[in-house]
Amino acid sequence: MVLAAANSGIRLDLGWVDYLMIIVYFAVVIGIGFTARRQVRTSMDFFLSGRSMPAWITGLAFVSANLGATEILGMAANGAQIGMATLHYYLIGAVPAMVFLGLVMMPFYYGSKVRSVPEFMLRRFGKAPHLVNSIAFAVSNVLIAGINLYAMAIVIEAMLGWPEWLAILVSAAFVLAYITLGGLSSAIYNEVMQFFVIIAGLVPLTIVGLHRVGGWGGLTEAIKQTQGVQHLQAWAGTGTGDVTNPIGANWLAIVLGLGFVLSFGYWTTNFTEVQRAFSAKNMSAARRTPLIAAIPKLFIPFIVVIPGLIAAAVVGNQFASGALTYNDAIPKLIQMYLPTGVLGIAVTGLLASFMAGMAANVSSFNTVFTYDIWQRYIKPNMPDLHYLKTGRWVTVIGVLVGIGTAFLAAQAGNIMTYMQTLFSFFNAPLFGVFILGLLWKRMTTAGALWGYILGIIAPTITWIAYLVNPDLFATATAETLYGAIISFVTVLVVAVAVSLATKPKDVSELGGLVYGVGKIDMTAGAVATDTAWYRSPALLGTVALVLCVALYLPFL
């Protein structure tokens with residue numbers, strides 16, 4: 001039966017128990033939305049949960065918000081396609097930046113009392129860079145929301161046999177319902193629940209899959225025969241002048257492009273993630289949010305990348321022939337290995353992950369559009385109720401646009417590569433502007449504006465050049481790494497040159513916005529338990545970084 005499933009298309013044969021689990025899950029999701037609605041009285045409640053959330057909730061929501069399509073389908077696709085090199089996306093491509101966010105950048109964000117990352121851009125640089133950043137963020141977020149929506153539609157299509165367009169519409173309707181009802185609080189509460197549902201769904205798949213291929217030893221032997229030993233190593237073939245790894249980039253490009261520019265750009269300046277920390281109840285909780293999230297983040301590869309490797313071992317021929325795309329790795333294994341009951345848990349876990357990812361995109365989109373575009377430039381000085389109503393309508397618009405971008409995502413063979421391309425366009429230049437602006441008080445508004453704009457244009461040109469001439473880079477993934485580096489360098493060169501030729505802000509206007517200028521109250525809103533040794537941000541960050549090194553060692 002497993003052999004037959006391996007040689008057929010994806011069609012999940014769910015029993016009534018499986019459907020019952022899914023129905024109960026969706027009922028709980030909508031119930032949380034109605035419950036959270038009772039707490040929403042102001043726009044701050046809707047967009048930032050009234051800044052009242054404890055660190056353990058925001059921490060789990062922080063990691064869950066990233067457990068969307070790119071994490072589940074995309075990283076499993078990478079596991080099948082490039083093997084253990086996918087660890088780079090976690091061990092240098094996520095956790096170090098999360099630690100940096102908690103220890104270094106959250107004090108600036110939370111201490112300045114801004115409501116969004118673009119609003120910090122406004123405070124530091126002024127209106128022009130702020131407007132460009134707000135528009136760019138809105139565009140990138142609806143594109144990424146489409147990726148999560150498309151991934152959710154893949155599962156529904158496989159499960160019920162519905163056409164893709166109908167699956168996309170139904171998926172969008174559920175996300176729209178609970179975000180419109182309860183705003184960010186609804187998203188966060190659901191993300192905490194979804195975190196545990198996702199784990200419960202993917203752990204059985206990993207265990208059963210490993211058992212069917214003969215354990216870790218059987219999997220490694222199968223991979224060596226079908227993909228080669230390099231598929232099981234993270235850094236092999238990354239030497240300068242001897243690039244034979246499946247990413248197609250040397251160690252310097254991986255460290256700088258992924259480990260620095262893309263990683264820090266995503267985890268420290270992407271409001272989709274940072275918004276969870278903004279909702280924390282005080283400075284200590286805000287700083288601990290990404291640090292708490294870093295610990296489970298370290299272990300996600302065991303339930304995402306390993307299934308990708310299993311898929312490469314057992315259905316690699318279908319990837320090679322084009323019968324399956326790498327995005328199909330997880331749904332295919334679910335079809336092949338999981339029985340009724342467990343199948344329902346796994347499918348519910350997948351649906352939960354995609355809803356968490358899209359909800360994160362939509363909740364941050366409505367905040368930035370309402371506060372940073374609508375309130376700031378279109379309808380200022382309106383009653384708070386006006387912005388609350390606007391936020392709900394913008395949520396509807398964001399989901400509708402996300403439906404359109406889901407069809408764009410459907411054209412991508414590997415949605416992780418598509419996502420990284422978007423990051424090189426939007427996140428890389430923003431990080432360049434932010435890090436220079438935080439460290440250099442001489443940086444000016446004009447420097448930030450033109451550095452940011454040209455930082456977006458440079459990787460876009462690089463990507464177009466690659467489409468015209470694929471020989472420019474070894475792989476599409478390598479293009480995103482080099483594109484990010486090019487973007488970052490462009491920002492630094494342009495911003496420094498323009499800033500030196502233009503007038504900076506007075507130092508008195510930069511307190512709490514630039515390193516070394518003014519003081520940030522690190523104990524704002526503190527409670528007695530914040531001083532407990534195990535809640536120390538420095539300790540949490542150190543533990544996370546040590547675990548990064550330890551988890552790399554077996555796959556060098």
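We number each residue from 1, following the sequence as shown. In this text, all values refer to a predicted model and were calculated from it rather than measured experimentally. All values below come from the heavy atoms of this structure, side chains included, with hydrogens, waters and symmetry mates left out.
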J.: Tell me, do L430 and N133 make a side-chain contact under 4.5 Å, heavy atoms counted?
T.: yes
J.: Where do T244 and Q230 land on the side-chain hydrogen bond (donor to acceptor under 3.5 Å, both in side chains) test, with the steps shown first?
T.: CA-CA 9 Å; T244 58; Q230 203 171 70; 3.2 Å; yes
J.: Return the CD1 to OG1 distance between I22 and T348, rounded to the nearest 0.5 Å.
T.: 4.5 Å
J.: Within a strict 4.5 Å, meaning less than it, do heavy atoms of the I310 and L333 side chains meet?
T.: yes
J.: Taking the side chain as everything from C-beta on, heavy atoms only, tell me whether I403 gets closer than 4.5 Å to Y150.
T.: no
J.: Are M419 and I144 close enough that some pair of their side-chain heavy atoms sits under 4.5 Å apart?
T.: yes
J.: Under a 3.5 Å cutoff, is there a donor and acceptor pairing between the side chains of T477 and Q420?
T.: no
J.: If you look at every heavy atom in I345 and A200, which pair is closest and at what distance?
T.: CG2-O, 3.3 Å
J.: To the nearest 0.5 Å, what is the distance between CG (L422) and OG1 (T417)?
T.: 11.0 Å
J.: At what distance, to the nearest 0.5 angstrom, does CD of Q194 lie from CG of L60?
T.: 12.0 Å
J.: At their closest point, which heavy atom of S487 faces which heavy atom of P429, and how far apart are they?
T.: OG-CD, 3.2 Å
J.: Donor-acceptor pair, distance only, cut-off 3.5 Å: does the side chain of T460 make one with the backbone of I456?
T.: yes
J.: Got L73 and D328 here, is their nearest side-chain heavy-atom distance under 4.5 Å?
T.: no
J.: Step by step, work out the side chain to side chain contact (heavy atoms under 4.5 Å, CB included) result for I334 and L205.
T.: CA-CA 7 Å; I334 289 175; L205 179 64; 3.9 Å; yes
J.: Check the pair F431 / F260 against ring pair (Phe, Tyr, Trp, His ring centres under 6.0 Å), numbers first and verdict last.
T.: CA-CA 10 Å; F431 174 62; F260 181 59; 5.3 Å; yes
J.: Any side-chain heavy atom of I457 sitting closer than 4.5 Å to one from I453?
T.: yes
J.: Nearest heavy-atom pair of A311 and A329: which atoms, and what distance?
T.: CB-CB, 3.8 Å
J.: Has the side chain of T475 got a donor or acceptor atom that lies under 3.5 Å from a matching backbone atom of A478?
T.: yes
J.: Is the shortest heavy-atom distance from the side chain of Y90 to the side chain of V305 under 4.5 Å?
T.: yes
J.: With sequence neighbours left out, what residues match F425 under ring pair (Phe, Tyr, Trp, His ring centres under 6.0 Å)?
T.: W463
J.: Suppose we call two aromatic rings close when their centres sit under 6.0 Å apart. Are F137 and F426 close by that rule?
T.: no
J.: Among side-chain atoms of S364 and N141, is any donor-acceptor pair under 3.5 angstrom?
T.: yes
J.: Could you give the distance from CG (L481) to CG (N250), rounded to the nearest 0.5 Å?
T.: 9.5 Å
J.: Taking side-chain contact (heavy atoms from CB on, under 4.5 Å) as the criterion, tell me which of I207, V342, L343, V213 meets it with Y337.
T.: V213
J.: Restricting to pairs with a member in residues 300-316, which pass side chain to side chain donor-acceptor pair (under 3.5 Å), not counting sequence neighbours?
T.: none
J.: Would a distance-only check, ignoring hydrogens and angles, find a side-chain to backbone donor-acceptor pair under 3.5 Å from T220 to W216?
T.: yes
J.: Go through the steps to decide whether F365 and V142 satisfy the test side chain to side chain contact (heavy atoms under 4.5 Å, CB included), and finish with yes or no.
T.: CA-CA 8 Å; F365 168 79; V142 293; 3.9 Å; yes
J.: Please report the interatomic distance CD1(I82) to OH(Y326), rounded to the nearest 0.5 Å.
T.: 10.5 Å
J.: Between T480 (side chain only) and T421 (backbone N and O only), is there a donor and an acceptor less than 3.5 Å apart?
T.: no
J.: Would a line drawn from the ring center of W235 to the ring center of Y552 be shorter than 6.0 Å?
T.: yes
J.: Between F488, Y466, F473, which is the residue that forms a ring-ring contact (aromatic ring centres under 6.0 Å, His included) with Y482?
T.: F473
J.: Can a donor-acceptor pair be found, under 3.5 Å and without considering hydrogens, that links the side chain of N66 to the backbone of V63?
T.: no
J.: For the atom pair CD (E273) and CG (N361), what is the distance rounded to the nearest 0.5 Å?
T.: 9.0 Å
J.: Please evaluate residues L232 and F555 with respect to the criterion side chain to side chain contact (heavy atoms under 4.5 Å, CB included), reporting the C-alpha separation (whole Å), side-chain torsions for both, the decisive distance (0.1 Å), and the verdict.
T.: CA-CA 7 Å; L232 300 170; F555 305 103; 5.8 Å; no
J.: If I compare all heavy atoms of L408 with all of L143, which pair ends up nearest, and what's the gap?
T.: CD1-CD2, 4.0 Å
J.: Surrounding CH2 of W393 (heavy atoms of other residues, nucleotides or ligands, distance under 6.0 Å), is the total greater than 12?
T.: no
J.: Write down the atom of A293, the atom of F62, and the distance for their closest heavy-atom approach.
T.: CB-CD2, 3.5 Å
J.: Between L91 and L298, is there a side-chain heavy-atom distance shorter than 4.5 Å?
T.: yes
J.: Quick one: does H88's side chain have a donor or acceptor within less than 3.5 Å of a partner on A234's backbone?
T.: yes
J.: Would you find a donor on one side and an acceptor on the other, under 3.5 Å apart, between the side chain of H231 and the backbone of T226?
T.: no
J.: Look only at the side chain of D18 and the backbone of G341, and say whether a donor-acceptor pair between them is shorter than 3.5 Å.
T.: yes
J.: Any chance the side chains of Q275 and T367 put a donor and an acceptor closer than 3.5 Å?
T.: yes
J.: So which atom in L545 and which in P96 form the shortest heavy-atom distance, rounded to 0.1 Å?
T.: CD2-CA, 3.9 Å
J.: Apply side-chain hydrogen bond (donor to acceptor under 3.5 Å, both in side chains) to residues N245 and T238 and explain how you reach the verdict.
T.: CA-CA 6 Å; N245 68 91; T238 60; 5.5 Å; no
J.: As a quick check of understanding, evaluate side chain to side chain contact (heavy atoms under 4.5 Å, CB included) for V304 and L202, giving each step before the final call.
T.: CA-CA 8 Å; V304 176; L202 293 180; 4.3 Å; yes
